[in-house]
Amino acid sequence: MAESGIGASVRRKEDNRFLTGKGRYTDDINRHGQAYAYFLLSPHARAKINGIDTSAAKQAPGVVGVFTAADLAADGVGGPICGWVVTQKNGEPHKSPAVSALASDRINFAGEQVAVVVAETLTQAKDAAELIEVDYDVQQAVTKMKDSLSSSAPQLHDDVPGNLCFDWEIGDKAATDAAFANAHHVTKIDILNNRLIPNAMETRAAIGDYDSGTETMTLYTTSQNPHVARLVLAAFMGLGPENKLRVVAPDVGGGFGSKIYVYRDEIVTLWAAKKLDRPVKWVADRSAAFLTDAHGRDHDTHAELAVDKDGTFLGLRVSTLANVGAHNQIFSTATPSYLYGCLLAGQYKTPAVYGEVKTVFTNTAPVDAYRGAGRPEATFVVERLVDKTARELGMDATDLRRKNFIPKDQFPYQSPCLVQYDSGDFNLLLDRAKEVIDYDGFAARRQESAARGKLRGLGLSCWIEACGLAPSAVVGALGGGVGQWESANIKFNPTGSVTVFTGSHSHGQGHETVYAQIVSDQLGVPFDSVEVVHGDTAVVPFGMGTYGSRSGPVGGGAIYKAAQKIIEKGRKVAAHLLEASAEDLEYADGTYTVAGTDRTKTLAEVAFAAYVPHNYPLDEVEPGLDETAFFDPANFTFPSGAYFAEVEVDPDTGHVTIMNMIGIDDVGTVMNPMIVHGQLHGGFAQGIGQALYEQCVYDENGQLITGSLMDYCMPRADNFPMFTTEETNQPCPHNPLGVKGCGEAGAIGSPVAMLNAVVDAIGTDIDMPATPEKVWRALQSRAQAAE
Amino acid sequence: MPSVSMTVNGKAVTGEVEGRTLLVEFLRQNLNLTGTHVGCDTSQCGACVVHVNGKSVKSCTTLALQAEGAEVSTIEGMATNGDLHPIQAAFKEHHGLQCGFCTPGMVMSAADLLQQNQDPSETEVREWLEGNICRCTGYQNIVKAIQAASQEMKG
Ligand code: FES
Ligand code: FES
């Protein structure tokens, strides 16, 4: 392995600018003459709007424009869209109510954008917003899913009877019912998967800029997928055409899914810039982010596992209610359906699985894909249920799992839930995890804790997920509205350096480093001579962006393919220069050698000849060394892992201390171990945040109770011990690098391991987050029940 | 509008501000020092940490006028002649950053810690960082970086 090639822990190219304060995030950009936008947000969760009076605001100092839904409608500007059609049990498509970019006559969640003020300064815009008078007819909100489905519930949307977005199923109901009929034992569990708020540290922001000379618009924005944003803005919001719209996602301070979508404030900011013919800047404050960013998770599930006498799994039945909030967004239908249901078989060869999901509109912020998107929820159901089954059967939690693992020699494995798992070795993962956590030593550790009056618990999760979002044909067949390939363009410059343009986007994952490693490795150029460019639709090829852990397997695959095209074209040029036949050339590390001789040409020499084609096979190849590739793999990738969490609970306070958290992952080929472990640490922190600390709470009137970092418990440095992460990798067979993806793994496998540990410690079921109060109460009721 | 003068990263600066202008706004807007970030509106996240007279403060919770006559240093002043400060170098070496948004605040906060405690334990580092939120890294490599920097700086 070269020092900077695939597999090396190369230090990151992007770090110097971030470490010296020279990162360039959206709010760091200022356009000459820019005005500032501020949105008036609804204080009510459910209301009819009888009228909006903006006259006083329009007169306020510094105000250059005040706009409402009526202004957008007059210009034909559309609102947020849903990107995935889910076919219901009855064969009909899901319900997708039309929404406008500013609330028109109805409010459906607290924080919904009602009007925008654009002024010379932000403070003037804020001051003027206070002068807008909205005549609200406030109505009782409905925030809980079961309430929303009841026949007496108010209707959020005229075209969605019963507030039901979809009623969907997966798997074989008859076979599953039969399996249950023959079961020796059935374990049942009720599970809440808590609602989360993503809280990337950089809030969403946008700058609209209109050039009336060329009639082009530019949107600088905090996007994970600038080309998708451009497509959506042009095709559905009336802000195109695409060739007159440029979207720039510069440095972006974390996304975790929340920056996939095209939000109302971003649409309006861009439109206002054109309307006013001057640049307009908008930056969400954290309070607005809490209210308006897409939230995550929020499932209510009943699940049952049917087992045979010896613990063999016979059938799994899952019934879930999933909250979609006030309206749909791009992935809000895909996340609780396919991204969830397809993983319900977990690591097990359970022959019959049936899942049904109802998604429900409520007067809360929209819910959409958040780190893991459906797969943490599926993993949570399966691994809570399996753990409970082990307890009910009196079996060791690892033995029961092992007994039901899909064996290594059965891959590719067709799951009863649509997908075909690519590769895996679940026993290997579990063996190593047991070693690392010292499974056999746990009993002694538990005793030692007990001697100090503490309750110790050990929790396991054996999980599998589907990521590397692609392939287009499958995604399309399931209702997805876009392609799921990725693009790459490699320009070998005349003087030997290389510039790589990717349609993928980095918001912390380190693309500039990892993609340079791939290119350096394949083309034999020094790592420092490779520059990776991303995030600007004016310069990079159309790409699908970064989500679903797709940048390694799909984006990396495209880069690899483009590199091969460079090598193949270069081979023809080298053959000409060496007066040999192309077939006789061997290529390695950036050098072509005539087989069996010492006659060579480097790629740098070939590149120079390609741009200065004085002696060049023009009848065979074109000048230049510049290749583009699109990669659309044949399947998803299927990372898997075995995670252990070990906790100590103080029975007097309910406080949970994390004693250890370890993960053994199979993420396929590792391109940069340092970055992979960093991704896993971050995933652990988010997953443990869900398990122990984070909870989005709305009151019965739809007011967001956890609307600031003082009220919503974000994990801090002192919540965690040092994590241990390791890999035992089985390369992915259907992308050229063998990569499976690691961005979401940690957040998928860790919540349930952590919660299983708490349950093991306190001896009773509990919902996430296992806060001290909840743990203490669970211990009290357990003690009372025992009396 | 009142005027305010201070020294920022060793340079004397003066500017016109409103009474309500925050130090972070003065740094970012008047001086174009955009390395200091704003991540919240409740003084929780620490993305805005700078040093005022040698002590770390949250510049989102300090009025520009309060820094009248003060010595202010920001992330832009940490490297000397293009060489990263040992804390910056350790963050790079130990992968203590991903998206980079919390990073300036983390580095400035760590710099204050290491002035006060040259050899902090893991627990001391973690507790010190209570006012700095990172959503990306899980903190592990930030803690490692700060401890490594402390060893480096002790020499
Ligand atoms: S911006 Fe969050 S603490 Fe200052
Ligand atoms: S590196 Fe992204 S918030 Fe810390």
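Labels below follow one simple rule: chain letters A, B, ... track the order of the sequence lines, proteins then strands, and each chain is numbered from 1.
- Looking at A:Asp285, both its backbone and its side chain come within 4.5 Å of chain B, counting heavy atoms on both sides.
- The only option from B:Arg126, B:Gln44, B:Glu127 that meets the side-chain contact (heavy atoms from CB on, under 4.5 Å) definition with A:Arg716 turns out to be B:Gln44.
- For A:Ser708, the part sitting under 4.5 Å from any heavy atom of chain B is the side chain, from C-beta outward, and nothing else.
- A distance of 5.0 Å separates CG in A:Asp28 from NE2 in B:His37, rounded to the nearest 0.5 Å.
- Contacts between B:Leu84 and chain A at a heavy-atom distance below 4.5 Å involve the side chain alone, from C-beta outward.
- Neither the backbone nor the side chain of A:Phe684 comes within contact range of chain B; no heavy atoms are under 4.5 Å apart.
- Looking at A:Val252, only its backbone comes within 4.5 Å of chain B, counting heavy atoms on both sides.
- There is no contact between A:Asn719 and chain B, counting heavy-atom distances below 4.5 Å.
- Using a 4.5 Å cut-off between heavy atoms, B:Thr137 contacts chain A through its backbone alone, with no side-chain atom that close.
- For A:Phe290, no part lies near chain B; criterion is any non-hydrogen pair under 4.5 Å.
- If you take CG on A:Leu19 and CD1 on B:Ile75, they are separated by 6.5 Å, rounding to the nearest 0.5 Å.
- Separation of atoms OG1 (B:Thr34) and CD1 (A:Ile29) is listed at 9.5 Å; rounding is to 0.5 Å.
- With values rounded to the nearest 0.5 angstrom, A:Arg11 atom CZ is found 7.5 Å from B:His94 atom NE2.
- Side-chain atoms of A:Arg12 come within 3.5 Å of backbone N or O of B:Gln98 as a donor-acceptor pair.
- Interface remark: A:Gln509 contributes no atoms to any contact with chain B (heavy atom separation under 4.5 Å).
- Only the side chain of B:Tyr139 has a heavy atom closer than 4.5 Å to any heavy atom of chain A.
- The parts of A:Ile675 that come within reach of chain B are both its backbone and its side chain, each placing non-hydrogen atoms under 4.5 angstrom from that chain.
- A:Tyr36 pairs by the ring-ring contact (aromatic ring centres under 6.0 Å, His included) definition with nothing, not counting sequence neighbours.
- Atom NZ of A:Lys22 sits in a sparse spot, with 12 or fewer heavy atoms from other residues, nucleotides or ligands closer than 6.0 Å.
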